[in-house]
Amino acid sequence: GGRIMPAVLLCCTALLAAGHTHVPAPGTGRVAHARSSAMSRSQPVMNTDHDILLRVARGEKADRTPVWLMRQAGRYMKDFRAISTKYPFRHRSETPELAIELSLQPWKAFGMDGVIMFSDILTPLPGMGIEFDILEKAGPKIRKLNSAEEINAVRLMDPAEACPFVAETLGDLRKEVGDEATVLGFIGAPYTMATYCIEGGTSTSYLEIKKMGLRDPQLLHTLLEKLADNLVEYACYQIESGAQVIQMFDSWAGNLSPIDYDTFAHPWQKSVAERVKARHPEVPFITYIAKSAALLERMANNGGDIVSVDWTVHMKEARERMGMDVGVQGNLDPAVLLGSPDVIVERATDVIKQGGGKQHVVNLGHGIEPSTPEENAKLFVDTVKAYRY
């Protein structure tokens, strides 16, 4: 079992103050967070576990599980909304001062172990000759690529020329957080990026890209290869600018049949992951796919280090299927953070236990919902940081 640290009574008091009415009894729980109940909810203790996320992502041992949240810089935070209502998305993400402030907001408020750059997977597209915008309610809008001529015109980007703001943002984030948190960069995977380019934005059925794959697979592979080459350069540019971990989002690959996943998604994930790891073997590489329960074994074999698991499968089952040599991230259902404090603590603790304590980064199974109360996000982070093996 776990051990109870001397600060357990302080942590229990804090949980009771948060509305959590059940505290684990000695010998049954792992609550061990050195936190005074007198401390304001808006003043979390900064991490003393230096670089714990980076160390655990590399497979090193630690006495607790690190935690961060996908979309942690988001609309659920009042401070975020105060900025997002003033400036359009691309202005926020491509202005280093704003991107840095938005990236740091959740870390300063809740003390996550990771700080992810505020940006979007589509950010590198203009450097390839593909223009886009992100509208507040309509989402991404992209000039569609439908013909061989349009796809052949996609060029290899120079990240330093196309995205200098990314380097400035990542470099300054590293200076801001030091070794108190790990700075994460991220990219889209070739298939998901191609989905946006061919569909012209988000989609519910993804029929346009599926049709291209069925009618003209070589044309789709041409686009996927060009995107893969660009994404390798973009990921390495982020690493060389300060990112300590890279996460690749193949968000829409979960909508593919197994044969099409094996044809159009997995080989290009592997191409990107292996080339980035060849150039930066010390940098952990995470892969995330929504609706991925049927794909775990394939994801574990794509050249990366960690599979980010969504909430549609038990973490214990995911580990059994992929083996303990593959790191995992996740996988709390984001809807749990809309529940009661008791439920949040219970479900978060269950995810930690199922992870088994080896190369596990706790996260949600998808991005945090905009309607999530800030105090619930904080309780989730505090609960994970309180658990001791």
Side-chain angles (χ1 to χ4, degrees), residues 14-15 17-20 39-47 53 66-93 98-121 134-140 169 173 176-177 181-184 186 202 247 249 251 288 290 308 310-311 329-348 351 361-386:
L15 289 173
H20 180 60
M39 185 166 288
S40 165
R41 299 172 81 86
S42 63
Q43 295 178 309
V45 175
M46 287 293 104
N47 295 323
L53 193 155
V67 58
W68 69 283
L69 286 71
M70 286 186 275
R71 292 187 191 156
Q72 64 187 28
R75 293 194 302 272
Y76 72 102
M77 292 190 70
K78 181 180 179 182
D79 290 345
F80 180 94
R81 295 194 299 272
I83 294 176
S84 65
T85 54
K86 292 181 182 178
Y87 306 103
F89 183 89
R90 285 193 64 180
H91 181 80
R92 281 177 272 145
S93 64
L98 292 175
I100 292 163
E101 181 177 354
L102 292 168
S103 302
L104 292 174
Q105 279 179 351
W107 177 66
K108 290 179 176 178
F110 311 127
M112 290 88 164
D113 296 302
V115 172
I116 189 164
M117 169 182 65
F118 179 75
S119 185
D120 193 85
I121 62 171
I134 298 180
L135 307 179
E136 195 60 36
K137 293 185 178 179
T169 298
L173 284 176
E176 286 279 351
V177 305
T182 297
V183 173
L184 295 99
F186 65 96
T202 55
Q247 177 154 321
F249 290 86
S251 307
Y288 173 79
S308 192
D310 76 2
W311 72 90
Q329 179 175 270
N331 68 333
L332 188 75
D333 182 348
V336 170
L337 298 189
L338 305 178
S340 69
D342 281 351
V343 170
I344 293 169
V345 172
E346 178 185 352
R347 295 288 188 90
V351 167
V361 176
V362 172
N363 206 314
L364 303 177
H366 198 272
I368 186 169
E369 293 292 339
S371 59
T372 302
E374 290 189 40
E375 60 268 23
N376 288 4
K378 181 181 183 307
L379 178 59
F380 172 56
V381 173
D382 284 351
T383 299
V384 177
K385 292 173 69 174

**Q** Report yes if the side chains of Leu332 and Ile344 come closer than 4.5 Å at any heavy-atom pair, otherwise no.
**A** no

**Q** Is there side-chain contact between Trp68 and Asn363, with at least one heavy-atom pair below 4.5 Å?
**A**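 Yes. Closest side-chain heavy atoms under 4.5 Å.
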
**Q** Any side-chain heavy atom of Leu364 within less than 4.5 Å of one from Val336?
**A** no

**Q** What pair of heavy atoms forms the shortest contact from Ala377 to Ile368, and how long is it?
**A**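 Result for this residue pair: CB-CD1, 4.1 Å.
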
**Q** Report yes if the side chains of Phe380 and Val362 come closer than 4.5 Å at any heavy-atom pair, otherwise no.
**A**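 Side chain of Phe380 against side chain of Val362, heavy atoms only: contact under 4.5 Å found.
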
**Q** Ignoring hydrogens, what is the shortest heavy-atom contact between Ala99 and Ser93? Give both atom names and the distance.
**A** CB-O, 3.9 Å

**Q** What distance do Arg81 atom CZ and Lys86 atom NZ have between them, rounded to the nearest 0.5 Å?
**A** 14.0 Å

**Q** Flag the pair Glu176 / Ser103 as yes when at least one side-chain heavy-atom distance between them is below 4.5 Å, and no otherwise.
**A** no

**Q** Of all heavy-atom pairs between Leu173 and Met117, which one has the smallest distance, and what is that distance?
**A** CD1-CA, 4.1 Å

**Q** For the CD1 atom of Ile83 and the CG atom of Leu98, what is their distance to the nearest 0.5 Å?
**A** 6.0 Å

**Q** Distance from Glu374 atom CD to Asp79 atom CG, nearest 0.5 Å?
**A** 6.5 Å

**Q** Output all residues satisfying ring pair (Phe, Tyr, Trp, His ring centres under 6.0 Å) with Tyr76, sequence neighbours left out; order by chain, then residue number.
**A** none

**Q** What verdict does the side chain to side chain contact (heavy atoms under 4.5 Å, CB included) test give for Ile116 and Gln72, after you've listed the backbone C-alpha separation in whole Å, the side-chain angles of each residue and the deciding distance to 0.1 Å?
**A** CA-CA 8 Å; Ile116 189 164; Gln72 64 187 28; 4.3 Å; yes

**Q** Could you pull out the closest heavy-atom pair between Pro334 and Gly365, with the gap in Å?
**A** CD-N, 4.3 Å

**Q** Determine whether Val384 and Asp113 make a side-chain contact, defined as any pair of heavy atoms from C-beta on separated by less than 4.5 Å.
**A**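 No, their side chains stay 4.5 Å or more apart.
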
**Q** So how far is it from Lys385 NZ to Phe110 CZ, rounded to the nearest 0.5 Å?
**A**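 CZ of Phe110 is found 12.0 Å from NZ of Lys385.
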
**Q** Let me confirm one number: the CZ-OG distance from Arg92 to Ser119, rounded to the nearest 0.5 Å.
**A**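 Atom-to-atom, Arg92:CZ and Ser119:OG are 11.5 Å apart.
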
**Q** Kindly compute the distance separating CD (Glu375) from CG (Asp382), expressed to the nearest 0.5 Å.
**A**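 Taking CD in Glu375 and CG in Asp382, the distance rounds to 12.0 Å.
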
**Q** Give me the atom names and distance for the closest heavy-atom approach of Thr383 to Leu379.
**A** OG1-O, 2.7 Å

**Q** Show the nearest heavy-atom pair for residues Met112 and Pro106, with the distance to one decimal.
**A**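 In terms of heavy atoms, the two residues are closest at SD-O, 3.4 Å.
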
**Q** Quick check: do Leu338 and Pro373 have side-chain heavy atoms less than 4.5 Å from each other?
**A** yes

**Q** Around atom CZ of Arg347, are there more than 12 heavy atoms of other residues, nucleotides or ligands at under 6.0 Å?
**A**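 No.
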
**Q** Short question: side chain of Asn376, backbone of Leu337 - any donor-acceptor pair under 3.5 Å?
**A** yes

